[in-house]
Amino acid sequence: MLLLLAAFHFASSLVLTPVPTSSPEELLRRSDVGALGPDSFRARLALRSGSPAASHEVEIWRSGDAKTLVRFLAPKERGRFLLRLENQLWLLTPGAKKPVRLSPSHRVYGGVRIDEVLGVRLAANYLVESATEEQDDEGALIVLELRARSEDLLFPEVRYVVRVATERPISATYRLRSGREATAVDFLQWHEGDLIYPSRVIVSDLLRKGSRTEIEVLEMEERPVPSELFELDDPSARRALDQPTGSFPERLESTKVH
């Protein structure tokens, strides 16, 4: 791997050069934005979009790649959640008797889908079709062209650009089946250390020109996430999140029937 990176750094031409076929899959695994962070976590995010910019805060609970809960934190949205189970997305609201099934393309705020908030696990869901080298003012880049392993994915193609020196992605562009570019994600800042994750991201909805959302990670903690939060028909654990006192495990325990 070190010899390969050295070869990238010493490349002297701006001509797109094919990358050896043994390296792209490994580079994708090492730079996969959806897999760099913890497998199970709670995070608080600020999303800013519109002109003038409106700011919204959400809380994310994720367990593995299959379960994600988005909790809306604005007082007027209390009790409102988005729940992703595998490839299904549901809206949960206090006044609804049953969960409402949503399209996977549903937007949280502005042009942001739930999977774009903290990253899609690309290595698990996409194959590398080609890899080429480019240069910018800061050094060598590798452009990976990815194709979905399954026809069920919303975006069958992704253009993923990785900076060689850091093995961190700088952008991802998602395309529709027609080949039209739908969403662009620019990774502007990273949190490094025990937890590695993009701390500031810009998401642009390319189908709606000018729709641009900035995502800032305000808090991130690696922790086990109770499975009760993801129960589709039992809201008691999610209600515990809104209780004002006690730790969440204590609040969760108080909702259980003994």
For residues Arg149 and Asn125, determine if any side-chain heavy atom of one lies less than 4.5 Å from a side-chain heavy atom of the other.
no

Of all the heavy-atom pairs spanning Leu144 and Ala131, show the shortest one and how long it is.
CD2-CB, 3.5 Å

Going by side chain to side chain contact (heavy atoms under 4.5 Å, CB included), name the residues that satisfy it together with Ala123, two or more places apart in sequence or in a different chain.
Leu28, Arg29, Asp32

Without swapping roles, check the side chain of Arg238 against the backbone of Leu69 for a donor-acceptor pair under 3.5 Å.
no

Nearest non-hydrogen partners of Tyr126 and Phe155, listed with the distance
OH-O, 2.6 Å

Test side chain to side chain contact (heavy atoms under 4.5 Å, CB included) applied to Thr68 and Ile60, Leu85, Val225, the passing residue
Ile60

Would one find more than 12 heavy atoms of other residues, nucleotides or ligands at under 6.0 Å from atom CG of Asp136?
yes

Is Arg200 reaching over with its side chain to a backbone N or O of Ile215, donor-acceptor style, under 3.5 angstrom?
no

Full working for salt bridge (charged side-chain N to carboxylate O under 4.0 Å, His left out) between Glu216 and Arg48:
CA-CA 8 Å; Glu216 181 182 1; Arg48 304 180 183 95; 3.0 Å; yes

Under 4.5 Å between side-chain heavy atoms, hopping through other hydrophobics if needed: is there a path connecting Leu195 to Phe187?
yes

Give the cluster check for Leu154 versus Leu207: same hydrophobic cluster or not, with ILVMFWY residues linked at side-chain heavy-atom distances below 4.5 Å.
yes

Residues Trp61 and Glu59: side-chain donor-acceptor under 3.5 angstrom
yes

Contact check, side chains of Leu83 and Leu89, non-hydrogen atoms, under 4.5 Å:
no

Answer yes or no: does atom CD of Glu192 have more than 12 heavy-atom neighbours from other residues, nucleotides or ligands under 6.0 Å?
yes

Under the side-chain contact (heavy atoms from CB on, under 4.5 Å) criterion, do Leu232 and Trp90 qualify, and how do the steps go?
CA-CA 8 Å; Leu232 193 59; Trp90 303 88; 3.7 Å; yes

Hey, are Glu231 and Arg239 close enough for a salt bridge, meaning a charged N less than 4.0 Å from a carboxylate O?
no

Do the side chains of Leu102 and Val70 join up, straight or via other hydrophobic residues, at under 4.5 Å, putting them in one cluster?
yes

Going through the distances and angles, do Arg71 and Glu77 end up as a salt bridge (charged side-chain N to carboxylate O under 4.0 Å, His left out)?
CA-CA 9 Å; Arg71 176 192 177 206; Glu77 295 183 296; over 6 Å; no

Check whether any side-chain heavy atom of Ile142 lies under 4.5 Å from a side-chain heavy atom of Val161, and answer yes or no.
no

Kindly work out whether a path of hydrophobic side-chain contacts (I/L/V/M/F/W/Y, heavy atoms less than 4.5 Å apart) joins Leu73 to Leu45.
no

Can Val158 and Thr173 be said to form a side-chain contact (heavy atoms from CB on, under 4.5 Å), step by step?
CA-CA 6 Å; Val158 181; Thr173 304; over 6 Å; no

Spatial distance of atom CZ (Arg163) from atom OG (Ser171) [nearest 0.5 Å]:
10.0 Å

Looking at Asp234 and Ala237, would you say the former's side chain and the latter's main chain have a donor-acceptor pair under 3.5 Å?
no

CD-CD distance between Glu219 and Glu57, expressed to the nearest 0.5 angstrom:
8.5 Å

Is there a salt bridge (charged side-chain N to carboxylate O under 4.0 Å, His left out) between Lys98 and Asp233 once you walk through the steps?
CA-CA 8 Å; Lys98 294 183 178 180; Asp233 299 318; over 6 Å; no

Think Arg62 forms a cation-pi with Phe41, using NZ or CZ under 6.0 Å from the six-ring centre and within 45 degrees of its axis?
no

Any side-chain to backbone donor/acceptor pair from Ser40 onto Arg223? Under 3.5 Å, distance only.
yes

Could you tell me if the side chain of Val162 sits less than 4.5 Å from the side chain of Leu27, heavy atoms only?
yes

Full working for salt bridge (charged side-chain N to carboxylate O under 4.0 Å, His left out) between Arg212 and Asp205:
CA-CA 6 Å; Arg212 184 173 179 269; Asp205 184 347; over 6 Å; no

Side-chain heavy atoms of Phe230 within contact of Glu228, under 4.5 Å:
no

Give, for atom OH of Tyr174 and atom CG of Leu146, the distance between the pair rounded to the nearest 0.5 Å.
9.0 Å

Intermediate values then yes/no, side-chain contact (heavy atoms from CB on, under 4.5 Å), Ile202 and Thr213:
CA-CA 6 Å; Ile202 298 291; Thr213 303; over 6 Å; no

Indicate yes or no for a side-chain donor-acceptor contact from Ser204 to the backbone of Leu206 under 3.5 Å, with no hydrogens or angles considered.
no

From Arg80 CZ over to Phe72 CZ, what is the distance, rounded to the nearest 0.5 angstrom?
4.0 Å

Are Val33 and Val143 connected in the hydrophobic side-chain network, where two residues link if heavy atoms are under 4.5 Å apart?
no

Going by heavy atoms in the side chains, are Leu82 and Leu91 under 4.5 Å from each other?
yes

Is there a side-chain contact (heavy atoms from CB on, under 4.5 Å) between His191 and Met220? Walk through the geometry before answering.
CA-CA 10 Å; His191 179 277; Met220 168 79 77; over 6 Å; no

Leu141 and Val164, any side-chain heavy atoms less than 4.5 Å apart:
no

Shortest non-hydrogen contact between Ile196 and Gly193, atoms and distance:
CG1-O, 3.8 Å

N/O donor-acceptor pair under 3.5 Å between Arg121 side chain and Gly34 backbone
yes

Please list all pairs meeting salt bridge (Lys or Arg N to Asp or Glu O under 4.0 Å) that have one or both residues in residues 172-182, counting only residues at least two apart or in different chains.
Glu145-Arg175, Glu157-Arg175

On a heavy-atom basis, which atom in Ala46 and which in Leu218 lie closest, and how many Å separate them?
CB-CD1, 3.9 Å

Can you see which heavy atom on Leu36 is nearest to which on Ser31, and at what distance?
CD1-O, 4.1 Å

Considering all heavy atoms of both residues, which atom of Ala148 and which atom of Leu153 are nearest to each other, and what is their separation?
CB-CD1, 3.6 Å

State whether the side chain of Tyr160 and the backbone N or O of Val128 hold a donor-acceptor pair below 3.5 Å, judged by distance alone.
no

Quick one, Arg84 and Glu86 - any side-chain contact, counting heavy atoms below 4.5 Å?
no

